[in-house]
Amino acid sequence: MSPDRAQDRSHDCPILHVDMDAFYASVAIRDRPELHDVPVIVGGGHRGVVLAANYPARRHGVRSALPMTRARRMCPEAVVLPPDYDEVESVSSSVMEIFRQVTPVVEAVSLDEAFLDVSGSWRRLGTSREIAEHVRARVSDEQRVTCSVGVAGSVSVAKLASRRAKPDGVVVVPPREVTAFLHPLDVGELYGVGEKTREQLHRLGLRTVGQVAHTPVATLQRGIGAAAGAHLHHLAWGTDRRTLTPRRPTHEPDRSMGADETFGRDTDDRAVVVRELLRLTAKVTHRMRTAGVAGRTVTIRVRFSDFTTITRSRTLPDATDVTGEVHATAVGLFDALGLQRARIRLVGVRVEGLVPRGSVQRQLVLGARERGWEDADRAVDAAASRFGGGAVRRATLLLGDRP
DNA sequence: TCTGGGGTCCTAGGACCC
DNA sequence: TCTGGGGTCCTAGGACCC
């Protein structure tokens, strides 16, 4: 090992966490230099939240997930742009391709984040730090957006390191420096510790990661639950041994698929809800059929104007991907709530317990009616793939209440 | 005009079965 | 003849992540 490499020690650090900087905003302004130094917020329009804010906007306190109304109030001079999902996806897949040219062991977390295990690339590409800089240079040169990279011996530490590296930097945390790096951090920095758990831990007198590390596991488990407590203790010592899974094995489908939507205005009209449930169901079952999966458990979600949210679910005798069946189940669950004039903000449909469609053995022979629905679904799918998603809609979706 | 939409995993109680 | 004890499925809720 050359002195150079001994010094940067990144052979102890096979894991890279690459995180794009303010991704949706960076993509939106990459061809608009006049916007680089002014606050830019990317967000959904109506009743939406901030998807991304560039660094000038962040200086005003604007961050992801903030309600757009508050964001505009905090930074009235900001340029607000709608997200360009197609463009973001295109940049994302190009960036992921760069990662895969560095190592085959790439676990994409989301459009803007991935873990890389580069231990097989050292001979070819140099130390982990050098590989991190190589990745950053390529992403910047080829896609004109920046990213930050955390380098460490484990997934959880690499993740925290990339946050420290932001924006547009690299942070390497070799094993011998892990506790010094982790222990001063606020517990809320740990992966899996959100607002609620952070508050619980604070009530137990635990504010820093170091304090959590020196708390008996049993105490943590009593405070926040068996699984979370044990996991947290590992995270606090940086001894999380999770390895990367390049992608979910193909024989293993997603566990659930769903869709929900916030109404433009709260509603207490059953007909509006039923129609929305149909639209959402059609969207979900179409995705299911495209993925070749069917599911048994149908769950609806209802959020009221005061933001309280309930779910109701029903498990069917057989897995289905049929729009009519899922919709009928969803409407049955909704009607069983017996709501009178409750103001509803959002409804959603989710199908769980997904299995490959080919494995579904129906116990009962399909009646003519179900068979008819399946044929109708296939016709809708075919038309959608030929003419685009909006080409065919069920008749009830065409009635009334269009803006 | 406060608070999106896509998911995953965990917990807890009751039913049901052996 | 006091009522054990698992294991699994179902349902509802909640926390969390990006």
Side-chain angles (χ1 to χ4, degrees), chain A residues 17-20 22-24 42-52 62-74 80 82-83 85 88-89 92 107-115 155-156 159 162-163 187-201 221-232 235 242 245 248 252-266 280 283-284 287 291 295-317 329 333 336-337 345-354:
Chain A
H17 180 252
V18 187
D19 200 338
M20 309 303 296
F23 193 40
Y24 285 79
V42 175
H46 205 58
R47 301 183 108 177
V49 298
V50 174
L51 268 168
V62 178
R63 295 178 327 278
S64 297
L66 207 64
M68 282 300 292
T69 47
R70 277 191 61 194
R72 286 180 203 261
R73 235 178 294 136
M74 292 170 91
V80 176
Y85 293 105
V88 164
E89 267 178 47
S92 174
E107 179 181 324
V109 179
S110 65
L111 289 176
D112 69 341
E113 237 183 87
F115 290 102
V155 165
S156 62
K159 169 94 181 164
S162 72
R163 195 177 302 170
V187 286
E189 300 276 322
L190 293 179
Y191 189 85
V193 178
E195 203 185 314
K196 307 286 179 179
T197 305
R198 180 170 180 265
E199 282 170 17
Q200 268 182 302
L201 291 168
Q221 291 181 311
R222 266 197 307 280
I224 64 171
H231 183 54
L232 196 60
L235 293 184
R242 186 164 92 75
T245 50
R248 196 184 285 278
E252 202 184 321
D254 286 348
R255 305 211 185 278
S256 70
M257 288 190 191
D260 47 46
E261 187 152 280
T262 300
F263 291 112
R265 286 174 44 190
D266 296 353
L280 295 168
K283 186 169 159 187
V284 171
R287 275 166 42 205
R296 282 181 63 207
T297 303
V298 177
T299 303
I300 64 163
R301 199 148 81 100
V302 179
R303 173 169 293 152
F304 299 102
S305 52
D306 68 354
F307 225 71
T308 59
T309 308
I310 60 171
T311 62
R312 290 293 181 271
S313 62
R314 196 172 132 207
T315 300
L316 305 171
T329 307
L333 288 165
L337 292 172
R345 179 188 178 88
L346 163 149
V347 290
V349 180
R350 177 163 295 277
V351 181
E352 301 171 58
L354 301 184

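Note on naming: letters A, B, ... go to the chains in the order of the sequence lines (proteins, then strands), and numbering restarts at 1 for each one.
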Within the structure shown, what part of the strands sits under 4.0 Å from Arg47(A) by heavy-atom distance: base, sugar-phosphate, or nothing?
base
With a 4.0 Å limit, can you tell me whether Lys283(A) has a side-chain N or O closer than that to the phosphate oxygens OP1/OP2 of dG5(B)?
no
Just checking Gly348(A): base, sugar-phosphate only, or nothing, at a heavy-atom cut-off of under 4.0 Å?
nothing
Taking all non-hydrogen atoms of both residues, which atom of Leu66(A) and which atom of Val62(A) are closest, and how far apart?
CD2-CA, 4.0 Å
Gap between atoms CG and C1', on Asp254(A) and dC18(C) respectively (whole Å):
15 Å
What nucleic acid atoms does Arg303(A) come within less than 4.0 Å of, heavy atoms only: base, sugar-phosphate, or nothing?
sugar-phosphate
Strictly below 4.0 Å: does Thr315(A) bring a side-chain N or O up to OP1 or OP2 of dT11(C)?
yes
Here's a test for you: under side-chain hydrogen bond (donor to acceptor under 3.5 Å, both in side chains), which of Thr69(A), Thr262(A), Asp266(A) qualifies with Arg47(A)?
Asp266(A)
Of dT1(B), dG6(B), dT11(B), the nucleotide closest to the side chain of Asp260(A) is dG6(B)
Can you see if the side chain of Thr311(A) gets near the phosphate of dG13(C) - specifically, an N or O under 4.0 Å from OP1 or OP2?
yes
Interatomic distance, CZ@Arg303(A) vs CZ@Phe263(A), rounded to 0.5 Å, equals 12.5 Å
With DNA chain B as reference, determine whether Ile224(A) or Phe307(A) sits nearer its 5' end, using the nearest nucleotide of each.
Phe307(A)
Could you please spell out the steps behind the side-chain contact (heavy atoms from CB on, under 4.5 Å) verdict for Ile310(A) and Leu337(A)?
CA-CA 10 Å; Ile310(A) 60 171; Leu337(A) 292 172; 3.6 Å; yes
Report which part of the nucleic acid Leu111(A) touches: base, sugar-phosphate, or nothing (heavy-atom distance under 4.0 Å, all strands).
nothing
note: Arg301(A), atom CZ; dG13(C), atom C1'; distance rounded to Å ~ 11 Å
Would you mind reading off the distance between Leu316(A) atom CG and dT11(C) atom P, rounded to a whole angstrom?
9 Å
How is Met68(A) classified with respect to the nucleic acid when contacts are heavy atoms under 4.0 Å: base, sugar-phosphate, or nothing?
nothing
Establish, with yes or no, whether the OP1 or OP2 oxygen of dC10(C) is under 4.0 angstrom from a side-chain nitrogen or oxygen of Arg296(A).
yes
Ile310(A), nearest nucleotide to its side chain (from dT11(B), dC2(B), dG13(C))
dG13(C)
Using a heavy-atom cut-off of under 4.0 Å over every strand shown, decide if Thr197(A) touches base, sugar-phosphate, or nothing.
sugar-phosphate
Roughly how many Å is it from NZ in Lys159(A) to P in dC17(C), rounded to a whole number?
9 Å
Ignoring backbone atoms, establish whether Lys196(A) has a side-chain N or O less than 4.0 Å from OP1 or OP2 of dC10(B).
no
Which nucleotide wins on minimum distance to the side chain of Arg314(A), given the candidates dT11(C), dG4(B), dG5(B)?
dT11(C)
Under 4.0 angstrom, heavy atoms only, what part of the nucleic acid is Leu190(A) near: base, sugar-phosphate, or nothing?
sugar-phosphate
Tell me whether the rings of Tyr24(A) and Tyr85(A) are parallel (<30°), tilted (30 to 60°) or perpendicular (>60°).
perpendicular
Does Arg345(A) put a side-chain nitrogen or oxygen below 4.0 Å from OP1 or OP2 of dG4(B)?
yes
Atom-to-atom span, CD of Glu107(A) to P of dC17(C) - whole angstrom:
16 Å
Does Arg312(A) reach a base, just sugar-phosphate, or nothing at all? Heavy atoms under 4.0 Å.
sugar-phosphate
Who is the Watson-Crick or G-U wobble partner of dA12(C), with both distances under 3.5 Å?
dT11(B)
For the pair made of CZ in Arg350(A) and P in dC9(B), what is the distance, rounded to whole Å?
12 Å
Measure the distance from OH on Tyr85(A) to C1' on dG5(B) and round it to the nearest whole Å.
8 Å
Conformer about C1'-N of dT3(C) - syn within 90° of 0, anti elsewhere:
syn
If you compare every side-chain N and O of Arg255(A) against the phosphate oxygens of dC9(B) (OP1, OP2), does one of them come in below 4.0 Å?
yes
Given dC18(C), dC10(B), dG5(B), identify the nucleotide with an atom nearest to the side chain of Val109(A).
dC18(C)
Integer angstrom distance from the P of dG14(B) to that of dG4(C)
15 Å
Classify Leu66(A) by what it touches in the nucleic acid, base, sugar-phosphate, or nothing, heavy-atom distance under 4.0 Å.
nothing
For dT8(B), take OP1 and OP2 only and decide whether either is under 4.0 Å from a side-chain N or O of Ser256(A).
yes
From C-beta outward on Glu261(A), which listed nucleotide comes closest to its side chain: dG5(B), dT1(B), dC18(C)?
dG5(B)
Hey, is CD on Glu199(A) packed in by over 12 heavy atoms from elsewhere, all under 6.0 Å?
yes
For dG6(B), which nucleotide is its Watson-Crick or G-U wobble mate, given both distances must be under 3.5 Å?
dC17(C)
Under 4.0 angstrom between Arg198(A) side-chain N/O and dC16(C) OP1 or OP2
no
Would you indicate what Ala226(A) reaches in the nucleic acid, counting non-hydrogen atoms under 4.0 angstrom: base, sugar-phosphate, or nothing?
sugar-phosphate
Rounded off to whole Å, could you give me the CD1-to-C1' distance for the Ile300(A) and dT11(C) pair?
13 Å
Given Val193(A), which of Leu235(A), Ile224(A), Leu201(A) fulfils the side chain to side chain contact (heavy atoms under 4.5 Å, CB included) condition?
Leu201(A)
Is any NZ, NE, NH1 or NH2 atom of the basic residue among Arg242(A) and Glu107(A) found under 4.0 Å from an Asp or Glu carboxylate oxygen of the other?
yes
